[in-house]
Amino acid sequence: MIEVERDSAVNVNGTGPEHRSFPLTFSVRAAGGSWLVDATAATAGELAGLLADRAAGPVAVVDLHTCSFVDEHSRSWSPSLIAAELGVDGAVHPVGVWASDTIGVGEEFLLLDRAELPRLLDDTWTPYQVAVVDLPGEVPPERLDELALVVGTTAFDQPLLPHLDGSTLWFSGHDDCYLRVESTDPAVPGALLGRLLALMAGSALTDADDAVPVPEPDPALTDRLIAAGPHWAGTVAAVSATEVTLTLTALPRRRRLSDPAPAGAWRAVTLDLVRGRWRLGPEQPAAR
C-alpha cells in the first residue's frame with residue numbers, strides 16, 4: 001500500500017498547451033547483465049521507499065539539484081547541507097575539480113545507510129535532478145573516486161552497473177517526472193511498473209487534500225504485462241466510486257513525448273477499490 005499525494009508527479013506534470021495529464025510510460029531492456037527501465041511519471045520521493053528496499057547496501061547520492069533549497073545566488077544547496085537541514089545522517093565525500101564539472105556528477109557525494117534514503121527524499125521538497133547508486137560492502141574514498149569516474153564516462157544509454165563492483169541498483173530522476181532505473185534484480189522492473197500503475201490510479205482519486213492509500217498490483221500482473229511486451233504507455237480511462245481503470249497500450253519502442261498518441265493493442269488494468277485488488281483485462285485490438 002502506498003500513499004498518493006495530490007501533488008503527485010502525474011497530477012503536477014502535463015503535456016501540450018492544454019496541460020493534459022502526463023502519461024504513464026514504461027520501457028525495459030536487458031543489457032550487460034542488468035535490466036534498464038526508462039519510465040514516467042514519478043518523483044524521486046514517490047520511489048524512495050522502493051529503491052531503499054531493493055538496494056543491497058549503503059547508497060551514494062552522486063548528483064542532487066533542487067530549487068527547494070537555494071543560496072543567495074539561487075544556486076542549489078549541497079547534498080550535505082540539505083541532509084543536515086532534514087536531520088538525515090550521512091558521510092560526505094568531496095569530489096575533485098577533475099570530476100565535479102562532469103554532467104551527472106556533483107561537487108560532493110553523500111553516503112547514506114539505505115534506510116535514510118526515504119528520509120532524505122521525503123516529498124516535502126523536490127529535486128529536479130538526483131542520482132543514487134548502492135555500494136554494498138566497504139566504501140573507502142578511492143571507491144567513491146572510482147564511482148565518479150564511471151558515472152562521468154559511461155554514456156547515458158549504456159548500463160552503468162557492470163563497471164561498479166558489487167553495485168546492484170542505479171536510479172536517476174529528472175524534472176520530478178522522468179526516471180531511469182538499472183538493476184541486476186529481475187524483479188525490479190515489475191515492481192517499478194506496479195508502483196507507476198498505483199501512482200496513476202491514485203492520481204485520479206486525489207481531489208481532497210489528504211493522501212489516498214492505493215494498493216500496488218500483485219507482481220504476477222506486472223510480470224504478465226512485461227512478458228507480453230517491453231514498452232507500454234498508459235492513461236486513466238475511467239473513474240467511479242468503486243473502480244479506477246487504466247488503459248495500457250503496447251508500443252513497438254520506448255515512447256517519447258514527441259510521438260503521436262499511442263495506437264496499438266491495448267489492455268485495461270482495473271483497481272477494484274472495494275476489494276483492494278487489481279485485475280488485468282484481455283488484449284484488445286488496435287483502434288482503427
Side-chain angles (χ1 to χ4, degrees), residues 27-39 44 47-48 50-66 69 71 75-84 88-117 120-121 127-176 178-186 188-189 192 254:
S27 180
V28 60
R29 64 186 176 94
S34 298
W35 284 263
L36 283 74
V37 174
D38 292 284
L47 299 177
L50 186 155
L51 297 171
D53 289 343
R54 301 288 176 164
V59 297
V61 180
V62 302
D63 195 20
L64 183 62
H65 297 278
T66 179
F69 299 102
D71 63 17
R75 295 176 302 197
S76 177
W77 287 10
S78 67
S80 57
L81 281 177
I82 294 173
V88 173
D89 293 328
V92 181
H93 176 75
V95 177
V97 175
W98 64 272
S100 60
D101 287 335
T102 302
I103 294 176
V105 179
E107 294 182 358
E108 65 180 31
F109 290 171
L110 184 64
L111 189 65
L112 307 171
D113 184 276
R114 65 177 185 172
E116 293 288 287
L117 188 62
L120 178 69
L121 304 173
Y128 63 79
Q129 169 69 26
V130 58
V132 178
V133 63
D134 68 349
L135 296 171
E138 296 296 321
V139 189
E142 55 269 24
R143 187 177 180 189
L144 293 172
D145 289 336
E146 178 187 5
L147 172 62
L149 180 62
V150 170
V151 173
T153 57
T154 302
F156 175 75
D157 61 344
Q158 297 300 309
L160 190 79
L161 295 181
H163 308 292
L164 296 173
D165 186 30
S167 293
T168 68
L169 183 72
W170 164 265
F171 165 78
S172 179
H174 312 272
D175 297 332
D176 309 326
Y178 305 93
L179 64 110
R180 162 165 284 196
V181 174
E182 180 182 345
S183 176
T184 59
D185 182 352
V188 165
L192 285 167
R254 179 165 68 92

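- Applying the side-chain contact (heavy atoms from CB on, under 4.5 Å) test to His174 and every residue at least two apart in sequence or in another chain returns Gln129, Phe156, Ser172, Tyr178.
- Leu120 approaches Ala83 most closely through the heavy-atom pair CD1-CA, 4.1 Å.
- Here the CG-CD distance, from Leu64 to Glu108, works out to 9.0 Å after rounding to the nearest 0.5 Å.
- Judged purely by atom type and a 3.5 angstrom limit, Ser183 has no side-chain atom pairing as donor or acceptor with the backbone of Trp35.
- Evaluation of the side-chain contact (heavy atoms from CB on, under 4.5 Å) rule for Ala115 yields Asp113 as partners, not counting sequence neighbours.
- Note that the CG atom of Asp53 and the CZ atom of Arg114 stand 7.0 Å from one another [nearest 0.5 Å].
- Using a 4.5 Å heavy-atom cutoff, the side chains of His93 and Asp145 are in contact.
- In terms of heavy-atom proximity, Arg254 sits nearest to Asp38 at CD-CB, 3.5 Å.
- To the nearest 0.5 angstrom, Thr66 atom OG1 is 7.5 Å from Asp176 atom CG.
- At a threshold of 4.5 Å between non-hydrogen side-chain atoms, the residues Glu182 and Ser167 do not count as touching.
- No more than 12 heavy atoms of other residues, nucleotides or ligands lie within 6.0 Å of CD in Glu138, so this atom counts as exposed by the packing criterion.
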### Task
Output, in order, the C-alpha distance, side-chain angles, deciding distance and verdict of side chain to side chain contact (heavy atoms under 4.5 Å, CB included) for Phe109 and Val95.
CA-CA 7 Å; Phe109 290 171; Val95 177; 3.7 Å; yes
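- Between Pro159 and Thr154, the shortest heavy-atom distance links the atoms O-CG2, 3.7 Å.
- Atom OG1 in Thr168 sits 3.5 Å away from atom CG in Asp134 (nearest 0.5 Å).
- Annotation: side chain of Leu47 is in contact with side chain of Phe171 (closest heavy-atom distance under 4.5 Å).
- In terms of the side-chain hydrogen bond (donor to acceptor under 3.5 Å, both in side chains) criterion, residue partners of Ser27 (sequence neighbours excluded) are, by chain and number, His231.
- With values rounded to the nearest 0.5 angstrom, Ser78 atom OG is found 11.0 Å from His65 atom NE2.
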### Message
As a quick check of understanding, evaluate side chain to side chain contact (heavy atoms under 4.5 Å, CB included) for Val37 and Val188, giving each step before the final call.
### Response
CA-CA 9 Å; Val37 174; Val188 165; 5.8 Å; no
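- Minimum heavy-atom separation, Ala60 to Leu144: CB-CD2, 4.5 Å.
- Proximity of Leu110 to Val92: side-chain heavy atoms (C-beta onward) are separated by under 4.5 Å at one or more points.
- The one candidate from Asp89, Val61, Val132 that meets the side-chain contact (heavy atoms from CB on, under 4.5 Å) condition with Leu112 is Val61.
- Between Pro189 and Asp185, the shortest heavy-atom distance links the atoms CD-O, 3.7 Å.
- Residues Arg29 and Arg180 come closest through the heavy atom pair NH2-NH2, 4.1 Å.
- One finds the OG atom of Ser34 at 10.0 Å from the CG atom of Leu169 (value rounded to the nearest 0.5 Å).
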